[in-house]
Every structure is written in structure tokens, then in C-alpha cells.
Amino acid sequence: MIKLHNLTKIYQAQGVETRALSEVDLAVKKGEFLSIMGPSGCGKTTLLNIIGLLDSYKEGLFVFNDENVSELTERQKLKLRKENIGFVFQNFNLIDDLTVSENIELPLHYLGYSASDRRQRVLEVLDMVGLGHRRDFFPYQLSGGQQQKVAVGRAVVAKPSLILADEPTGNLDSTQGNEIMEMLSRLNDQGTTLIMVTHSSHDASYSQRIVRIIDGQVLSEKKVLHAQF
């Protein structure tokens with residue numbers, strides 16, 4: 001599904017060059033659950049943003065679903081992202097003046113779903129995340145765990161083939177965090193590919209493989225023997 005070869009990302013500011021990623025090689029199979037770990041500032045989120053087509057890279061090969069990303073126009077990248085990728089962020093990134101249902105529904109507007117199809121799909125997702133009783137609430141009326149469930153719902157409502165999660169439990173207590181990880185694990189069991197950036201060894205144990213990054217380079221990778229609890 002994803003292939004990176006010699007991927008390099010360089011930031012330049014005031015004449016100073018910073019190498020955020022250096023010759024990264026990485027392949028992710030369809031249906032895999034991959035965790036990316038490493039210290040703060042090592043390039044984890046930069047790598048996730050590039051895979052999510054939110055950031056560019058200086059050199060190297062990036063193939064997404066058999067498409068060479070460097071050969072795509074910005075419009076083509078946007079289409080590829082909207083149709084294939086869902087995002088879950090540490091800070092939820094919900095829209096405060098939209099209800100739970102409206103936040104979840106938002107990606108379907110951008111994809112041109114009809115009103116009836118949007119309603120049906122949102123109902124399905126509300127049931128999946130267990131928030132049907134909170135459908136008309138606003139984000140500020142929810143706990144952190146509930147807000148992250150809304151964020152997961154928004155990420156999956158358009159049935160993307162890939163979900164990218166950046167520290168999805170970072171602002172949650174252990175109970176709420178476990179609920180989110182169980183939810184992501186179930187999505188993976190249903191065939192969704194998952195790539196997660198995390199500092200948590202506990203969260204990473206839900207995945208099938210762990211890649212460790214240091215100073216913008218892949219240091220090691222290992223398979224997880226017991227990915228679920």
C-alpha cells in the first residue's frame with residue numbers, strides 16, 4: 001500500500017538547514033497496524049504528515065496505492081487524500097460550534113455524499129463509537145475520551161483505507177486511552193490499515209509492527225507478538 005525509499009525531508013530557515021528525515025526506507029502492507037516510535041523531535045510526525053500527503057519531501061520515492069506521489073499535482077494529491085485517508089490527532093481538532101453528528105459528517109460533505117447517505121452513514125458511525133446519545137452535544141460538553149471518539153468517527157466515516165493517528169491517547173487517562181486503542185484495533189481487524197505515532201509502549205503493543213526512528217532515520221523495526229489484550 002505504501003512504499004518509501006530514500007525519503008529525505010529538509011527544513012531551511014534563516015540559512016540553516018535541518019534534516020528532519022534522512023533516507024527513510026519503509027513499506028506498509030494493506031491491512032497492517034504499524035506504530036512509529038522515537039523521542040520528541042526525531043521526525044515521527046513529519047513522516048506521518050508526508051504519508052498523509054500534508055507535507056512535501058525533498059527527495060526519494062513515495063508510492064501510495066501504486067501512485068508515485070512526486071508525479072501528482074496538488075489537486076490529485078488532495079483527491080487521493082480525501083478518498084483514502086482518515087486522520088486522528090492528539091488534540092482532537094473538532095470544530096467547536098458543530099455538534100457531534102456535524103463533526104462526524106463533515107468529510108462526507110467534501111466528498112459530495114447526498115444528504116440521505118450522510119445521515120445514514122453518521123448514524124452507523126455514532127453507533128460504532130457509542131455516542132448516539134450524545135449526537136446533538138457540542139465538543140465542550142464531552143469528556144476528552146468522548147471527544148476522541150468523535151475524532152475517530154470523523155476519521156472513519158468515509159471508510160478510508162488508511163487511518164493515520166498522531167498520539168491518539170496523549171491527552172487521555174489510561175481508561176479512556178484503552179477505549180480508543182480497542183476501537184482502533186477493531187477497525188484494523190476489519191481491514192483498515194493503521195499507522196500510529198506514539199510515545200506509549202502500551203499503545204504500540206496493539207500494533208503488529210513497531211518502527212523506531214532516531215534523528216530522522218529508521219533505527220530498528222520489530223514485529224509485535226501479542227498485539228491485543
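Values below: every heavy atom of this structure, side chains too, minus hydrogens, waters and symmetry copies. Predicted, not measured: the structure shown is a model, and the values here were computed from it.
Paired with Ser35 under the rule side chain to side chain donor-acceptor pair (under 3.5 Å), one option of Ser200, Ser205, Ser207 passes, and it is Ser207. Among Asp203, Asn178, Thr198, the one residue that satisfies the side chain to side chain donor-acceptor pair (under 3.5 Å) test with Thr169 is Asp203. Screening Val156, Val150, Leu94 for a side chain to side chain contact (heavy atoms under 4.5 Å, CB included) involving Ile104 leaves a single residue, Val150.
Lys44 contributes a side-chain N or O that, together with a main-chain N or O of Pro39, makes up a donor-acceptor pair within less than 3.5 Å. With hydrogens and angles disregarded, no donor-acceptor distance shorter than 3.5 Å links the side chain of Gln217 to the backbone of Ile214. No donor-acceptor pair under 3.5 Å is formed between the side chain of Gln148 and the backbone N or O of Ile180. Of the possible polar contacts, one joining the Asn171 side chain to the Gln90 backbone as a donor-acceptor pair under 3.5 Å is found. In terms of modelled atom types and a separation under 3.5 Å, the side chain of Glu59 and the main chain of Leu7 share no donor-acceptor contact. A donor-acceptor pair under 3.5 Å is absent between the side-chain atoms of Arg154 and the main chain of Lys149, judged by distance alone. In terms of modelled atom types and a separation under 3.5 Å, the side chain of Asn103 and the main chain of Leu98 share a donor-acceptor contact. The main-chain N or O of Thr99 is found under 3.5 Å from a side-chain atom of Glu102 such that the two form a donor-acceptor pair. Although no hydrogens or angles enter the test, the distance criterion places no donor-acceptor pair under 3.5 Å between the side chain of Thr8 and the main chain of Lys58. A distance-only check finds a donor-acceptor pair linking the side chain of Gln146 to the backbone of Ser143 [under 3.5 Å].
Between Glu221 and Arg209 a salt bridge is recorded (basic side-chain N to carboxylate O distance below 4.0 Å). With respect to Glu32 and Lys29, no salt bridge is recorded, no charged nitrogen being found less than 4.0 Å from a carboxylate O. Ion pairing between Glu105 and Arg121 fails under the 4.0 Å rule for side-chain N and carboxylate O.
Side-chain contact between Ile195 and Ile36 is present, with heavy atoms from C-beta onward closer than 4.5 Å. Within the 4.5 Å cutoff, the side chain of Ile10 has no heavy atoms near those of the Thr18 side chain. His133 is not listed as a side-chain neighbour of Leu126, based on a closest heavy-atom distance of 4.5 Å or more. Between Glu83 and Pro160, every side-chain heavy-atom pair lies at or beyond the 4.5 Å cut-off. Pro168 places a side-chain heavy atom less than 4.5 Å from the side chain of Met196.
The CG atom of Asn93 sits 10.5 Å away from atom CD of Gln147, with the distance rounded to the nearest 0.5 Å. Rounded to the nearest 0.5 Å, atoms CG (Leu21) and NZ (Lys9) are 8.5 Å apart. Atom CD of Glu179 and atom CD of Glu182 lie 9.0 Å apart (nearest 0.5 Å). A distance of 11.5 Å separates CD1 of Ile213 from OG of Ser22, quoted to the nearest 0.5 Å. Summarising the geometry, atom CG belonging to Leu53 is positioned 8.0 Å from atom CG belonging to Leu72; distances are rounded to the nearest 0.5 Å. The distance from the CG atom of Asn49 to the CG atom of Leu164 is 8.5 Å, given to the nearest 0.5 Å.
Closest approach of Met37 to Ala204, counting heavy atoms only: SD-CB, 3.6 Å. Residue Leu194 comes nearest to Leu162 through the heavy atom pair N-CD1, 4.5 Å, listed as atom of the first residue, atom of the second, then distance. Across all their heavy atoms, Ser161 and Met1 have their closest contact at OG-CE, 3.2 Å. Closest approach of Phe138 and Asp97 over heavy atoms only: CE2-O, 3.5 Å. Nearest heavy atom pair, residue Ala158 against residue Leu111, reads CB-CD1, 3.5 Å.
In this model, no donor atom of one side chain and acceptor atom of the other lie less than 3.5 Å apart for Thr175 and Asp173. Ser114 and Asp117 are linked by a side-chain donor-acceptor pair at a separation below 3.5 angstrom, with hydrogens and angles left out of the test. One side chain, Thr45 or Asp166, offers a donor N or O that lies under 3.5 Å from an acceptor on the other. In this model, a donor atom of one side chain and an acceptor atom of the other lie less than 3.5 Å apart for Gln208 and Asn188.
No single ILVMFWY cluster, assembled from side-chain heavy atoms under 4.5 Å apart, contains both Leu106 and Leu131. A continuous path of Ile, Leu, Val, Met, Phe, Trp and Tyr side chains, each step under 4.5 Å between heavy atoms, connects Met183 with Val122, placing both in one hydrophobic cluster. Linking Ile, Leu, Val, Met, Phe, Trp and Tyr residues whenever their side-chain heavy atoms come within less than 4.5 Å places Val157 and Tyr113 in a single cluster. Each of Val28 and Ile210 belongs to its own hydrophobic cluster when Ile, Leu, Val, Met, Phe, Trp and Tyr are linked at side-chain heavy-atom distances under 4.5 angstrom. Note: the hydrophobic cluster containing Leu48 also contains Leu54 (ILVMFWY, side chain heavy atoms under 4.5 Å, direct or indirect links).
By the 6.0 Å contact criterion, CG on Asp25 is enclosed, its count of non-hydrogen atoms from other residues, nucleotides or ligands being greater than 12. By the 6.0 Å contact criterion, NZ on Lys3 is open, its count of non-hydrogen atoms from other residues, nucleotides or ligands being 12 or less.
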Point to revise | Arg75 and Leu78: CA distance, side-chain angles, deciding distance, side-chain contact (heavy atoms from CB on, under 4.5 Å) verdict | key: CA-CA 5 Å; Arg75 183 181 294 273; Leu78 176 61; 5.7 Å; no
Exercise for review: Assess whether side-chain contact (heavy atoms from CB on, under 4.5 Å) is satisfied between Val152 and Leu187, documenting all intermediate values.
Suggested key: CA-CA 10 Å; Val152 171; Leu187 288 167; 4.0 Å; yes
Review point. Checking side-chain contact (heavy atoms from CB on, under 4.5 Å) for the pair Ile163/Thr193: CA distance, chi angles, key distance, verdict?
Key: CA-CA 6 Å; Ile163 291 179; Thr193 307; over 6 Å; no
Practice item. Begin from the C-alpha positions of Leu4 and Leu47 and carry the test side-chain contact (heavy atoms from CB on, under 4.5 Å) through to its verdict. Key: CA-CA 10 Å; Leu4 310 177; Leu47 178 59; 3.6 Å; yes
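Every residue two or more places apart in sequence or in another chain was checked for a ring-ring contact (aromatic ring centres under 6.0 Å, His included) with Phe92, and none qualifies.
Ring geometry for Phe89 versus Phe87: interplanar angle under 30°, hence parallel rather than tilted (30 to 60°).
Residue pairs meeting the ring pair (Phe, Tyr, Trp, His ring centres under 6.0 Å) criterion with at least one member in residues 40-76: none, sequence neighbours excluded.
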